Protein chains: 2
Amino acid sequence: MKDQHGTITADDVAALAGVSRWTVNRAFRKDASISAKSREKVMKAAEELSYVPDLLATSLATDRTNLVALLVDDFANPHKLVMMERLTRILRKGGYDTLLVNTSNEEDTSAALLNASQRRVDAAVLIGISFNDQSLETALGAKRVKKLIVFARMSENDNTISICCDDRAAMATLTQHVFSAGYRNPLFIAGPQTQSAHLQRKETFLSLWRHTAGRRPEFATVERYDPKMAYDLVTERFRDVPKSKLPDVLVCENDALAMGAIDAIRYEHGLRVPEDIAVTGFDDVPQASSPHYKLTSYRQPLTDMANALVDILEGKIRSKKLNAFVGNLVIRASA
Amino acid sequence: MKDQHGTITADDVAALAGVSRWTVNRAFRKDASISAKSREKVMKAAEELSYVPDLLATSLATDRTNLVALLVDDFANPHKLVMMERLTRILRKGGYDTLLVNTSNEEDTSAALLNASQRRVDAAVLIGISFNDQSLETALGAKRVKKLIVFARMSENDNTISICCDDRAAMATLTQHVFSAGYRNPLFIAGPQTQSAHLQRKETFLSLWRHTAGRRPEFATVERYDPKMAYDLVTERFRDVPKSKLPDVLVCENDALAMGAIDAIRYEHGLRVPEDIAVTGFDDVPQASSPHYKLTSYRQPLTDMANALVDILEGKIRSKKLNAFVGNLVIRASA
DNA sequence: GAAGATTTTGCACGCGGGGGCAAGAATGAA
DNA sequence: TTCATTCTTGCCCCCGCGTGCAAAATCTTC
């Protein structure tokens, strides 16, 4: 029990249990070949000393850290909170810990990735938006990031794994709902158009609407998924526009934008939602259900997606582009 | 360049640079004694091989991981997103990475702490709420968590470090504002009352108000910092209450509660904010500034607090109870 | 009860790098 | 030029645990 250094190692347990250090370690691995008797002896001694295997040393020896880096750059979007909660919970259940990496400082993305690689993460999961092909290549290049996973977004990059809900199916459902509710003059509000990992929502909506209503709808773009951006956009764009020329529904790429849009419609233009202009969102964040927004939205099957992530980490899924997850439309008063 | 295993180690760089492995490692430490010439040689070779020191091995050898566990259990409060952003950014600047640990599954807190300890985090930072003395003791017991820090909350526990804004000063400012605005019949809405790490806001407000207005105000409590909880509370509590008996201001322990309260006032009782009932919050979350809420709130000096956290990790600050951080009142239309 | 089959255990070595010491090189003083 | 300092560099051993193999222990079978 050489507790001098503060830490108790397998050696200490071995001494107490009267076996060798290796037997102690074996007792802590489920697949090891060890007799029930000695495992019991070891476990008893371990408990007495409150010994736990050191993951640092384990990782070093096995080249497997059970650590996943979660890269987030978009802290203005409340949906990120939901994703983080779900991902951390399910990853933990799968035996993985989560390294939270803030990449909102643009030039830091590459450095952050480098840093994660120095910790030998088993995978880097991107749930942000502003990463470009160069970051991806950097990450996968000489560095030690084993897997690069884009979550809730599609990346065409061959070296990247994507887990994404079926935007086409989702937008089809949404379009259908909007159209049959009688809206005929939509405006699509999209977030930043990134090259390497994008959403299909805008394109899909535009083309679906054209097929359904025979007319290509207008769209507008903001540079961040920030309610304030959508607020300003709607404020500016509708200023001095006669009511008859306004769209009758705003189809927003996600709830963050939709909430900003609703506020602008109400507080800048003095119009009603949905009577004057209806609004739809995407993600179904908690605030969407508040009586203020009552936002019609689309809920992604995050749990399924997170479980797929774990399966990918475990090597149980080899496919690189998973985009068949189907969620469900949550219809509320806003549209 | 034995790239067989995929990783390049200091040995490879040493071979290329024509020095010993130890010289290579020295080149990567700022305080090491090494000649400018050989450092340059090493760096050049390192860049050529795109070598970076392995943090796993470094941590194992130095007993210092530069890793901080962030324990969060309260993902319904949007302020957590703000805190996470700020903390991760500033910790990174200070050379620390962040392990995000989800403790919203109550019984998992202890396990999560254990897990973090297995990774030998330099500190565990609690920004959640539902941890009790037992968790704290468990964490500090035989485990390897070196420092336990309660952030944005006060803990009296001797083994714990607290970094908290001066709730007394904050509430004094807020009380002063509310009183001089002419409100006379406040109701304080508080979150869960935990024993080991609590806020001073309720007690302070109650006592300050009594001194100022001569009357002890009422208060109510919800069991989570969730807008929905406050919504339900306000809905129920004010049901069938004659208007003259209603409070004229709701002083909420934070914005999450305040936002739920505002929605209930408006949508359940058909009353106006602030004309019928005013509302104040705390934290100044991004949504508080939306035209819908225009919430009068108090902004904690999160950056200063995060910097203090880094100083504590670096050992530059030894004090264990830091609670003199003063923020500022953000006055908006809600009160 | 002995020989073979099988399970369990111990051990050398490796994972990638750090602390501290001693030898070697460079610098300064006399 | 010589000797003493100071700076650099190389190296042993250690951090805590896993892998693969060989020795030891246990179990089968006839």
Side-chain angles (χ1 to χ4, degrees), chain A residues 1-15 17-42 45-46 49-67 117-120 122 143-144 146, chain B residues 1-15 17-42 45-46 49-67 117-120 122 143-144 146:
Chain A
M1 231 218 292
K2 64 156 201 290
D3 210 327
Q4 318 151 328
H5 194 59
T7 29
I8 22 204
T9 76
D11 280 313
D12 304 320
V13 179
V19 297
S20 74
R21 174 172 75 71
W22 293 271
T23 303
V24 172
N25 290 147
R26 281 197 187 91
F28 278 88
R29 254 172 307 155
K30 61 176 190 341
D31 58 335
S33 127
I34 184 177
S35 71
K37 202 173 58 192
S38 39
R39 166 168 273 150
E40 192 183 351
K41 261 196 312 191
V42 169
L49 300 175
S50 67
Y51 161 82
V52 277
D54 186 321
L55 282 182
L56 235 46
T58 306
S59 299
L60 185 59
T62 58
D63 196 35
R64 186 170 197 266
T65 53
N66 279 24
L67 229 202
S117 79
Q118 284 188 272
R119 293 204 186 268
R120 299 223 212 163
D122 287 340
K143 311 304 177 297
R144 301 192 255 224
K146 293 165 204 149
Chain B
M1 227 215 293
K2 66 157 200 288
D3 209 327
Q4 320 150 329
H5 195 58
T7 28
I8 26 207
T9 75
D11 281 313
D12 304 320
V13 179
V19 297
S20 75
R21 175 170 78 70
W22 296 273
T23 303
V24 171
N25 290 147
R26 281 197 187 92
F28 278 87
R29 253 171 307 155
K30 61 173 192 341
D31 57 335
S33 122
I34 184 177
S35 71
K37 204 174 55 190
S38 42
R39 167 169 274 152
E40 192 183 350
K41 262 195 311 190
V42 168
L49 299 176
S50 69
Y51 162 82
V52 276
D54 187 320
L55 281 180
L56 235 46
T58 306
S59 299
L60 184 59
T62 58
D63 197 35
R64 186 171 197 263
T65 52
N66 279 25
L67 228 202
S117 79
Q118 285 189 269
R119 293 203 186 269
R120 299 223 212 162
D122 287 341
K143 311 308 177 296
R144 302 190 253 225
K146 294 163 201 148

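Throughout, protein chains are lettered first and strands after them, A, B, ... in sequence-line order, and every chain is numbered starting at 1. Just so we're clear, the structure is a prediction, and the values are computed from it rather than from any experiment.
Not one side-chain nitrogen or oxygen of S20(A) sits closer than 4.0 Å to the OP1 or OP2 atom of dC11(C). Within the 4.0 Å cut-off from OP1 or OP2 of dT8(D), not a single side-chain nitrogen or oxygen of T23(B) is found. Residue T58(A) places no side-chain N or O under 4.0 Å from the OP1 or OP2 atom of dG16(D). Residue T7(A) places at least one side-chain N or O under 4.0 Å from the OP1 or OP2 atom of dG16(D).
With rounding to whole Å, D11(A) atom CG is found 12 Å from dC14(D) atom P. Whole-Å rounding puts the L49(B) CG to dG16(C) C1' distance at 15 Å. Protein atom NZ of K37(A) is 12 Å distant from nucleotide atom C1' of dT9(C), rounded to whole Å. Summarising the geometry, the separation between CD on Q118(A) and C1' on dG17(C) is reported as 13 Å, rounded to the nearest angstrom. Between F28(A) atom CZ and dG18(D) atom P the separation is 10 Å, expressed in whole Å. Between D12(B) atom CG and dC15(C) atom C1' there is a gap of 13 Å when expressed in whole angstrom units. Atom CG of D63(A) is separated from atom P of dC17(D) by 18 Å (rounded to the nearest Å). If you measure from atom CZ of R120(B) to atom P of dC15(D), you get 10 Å, rounded to the nearest angstrom.
The S38(B) side chain lies nearest to dT8(D) when the options are dT9(C), dT8(D), dC15(C). Here the nucleotide nearest the side chain of T9(A), chosen from dG17(C), dC15(D), dC17(D), is dC17(D). Of all nucleotides listed (dG17(C), dG19(C), dG18(D)), dG18(D) comes nearest to the side chain of T62(A).
F28(A) and A46(A) make their closest contact through CZ-CB, 3.7 Å (heavy atoms, listed as atom of the first residue, atom of the second, distance). Considering every non-hydrogen atom in both A57(A) and L60(B), the closest pair reads CB-CD1, 4.1 Å.
Nucleic acid contact class of S59(B) (heavy atoms, under 4.0 Å, all strands): none. Using a 4.0 Å heavy-atom criterion, one finds that R29(B) contacts the sugar-phosphate atoms exclusively. S33(B) comes within 4.0 angstrom of a nucleotide base, judged by non-hydrogen atoms across all strands. Contact annotation for I34(A): backbone-only contact, meaning every heavy-atom pair under 4.0 Å involves sugar-phosphate atoms and none involves a base.
Taking 3.5 Å as the limit, the base of dG18(C) and the side chain of R64(B) contain no donor-acceptor pair of atoms between them. Interface remark: the W22(A) side chain does form a donor-acceptor pair with the dT19(D) base, using a distance-only criterion of under 3.5 Å. Residue side chain R21(B) reaches the base of dG17(C) through a donor-acceptor N/O pair under 3.5 Å, judged by distance alone. At a cut-off of 3.5 angstrom, counting only N and O atoms as typed in the model, there is no donor on one side facing an acceptor on the other between the side-chain of R26(B) and the base of dG19(C).
Distance check, rounded to the nearest 0.5 Å: CG of L67(A) to CZ of R120(A) gives 12.0 Å. Rounded to the nearest 0.5 angstrom, T58(B) OG1 and R29(B) CZ are separated by 8.5 Å. One distance of note links CG of D54(A) with CZ of R119(B); it measures 10.0 Å at 0.5 Å rounding. Atom CZ of R64(A) sits about 11.5 Å away from atom CG of L55(A), to the nearest 0.5 Å.
Each of N25(A) and A61(B) was assigned the nucleotide of DNA chain D with the nearest heavy atom; the assignment lying further toward the 5' end belongs to A61(B).
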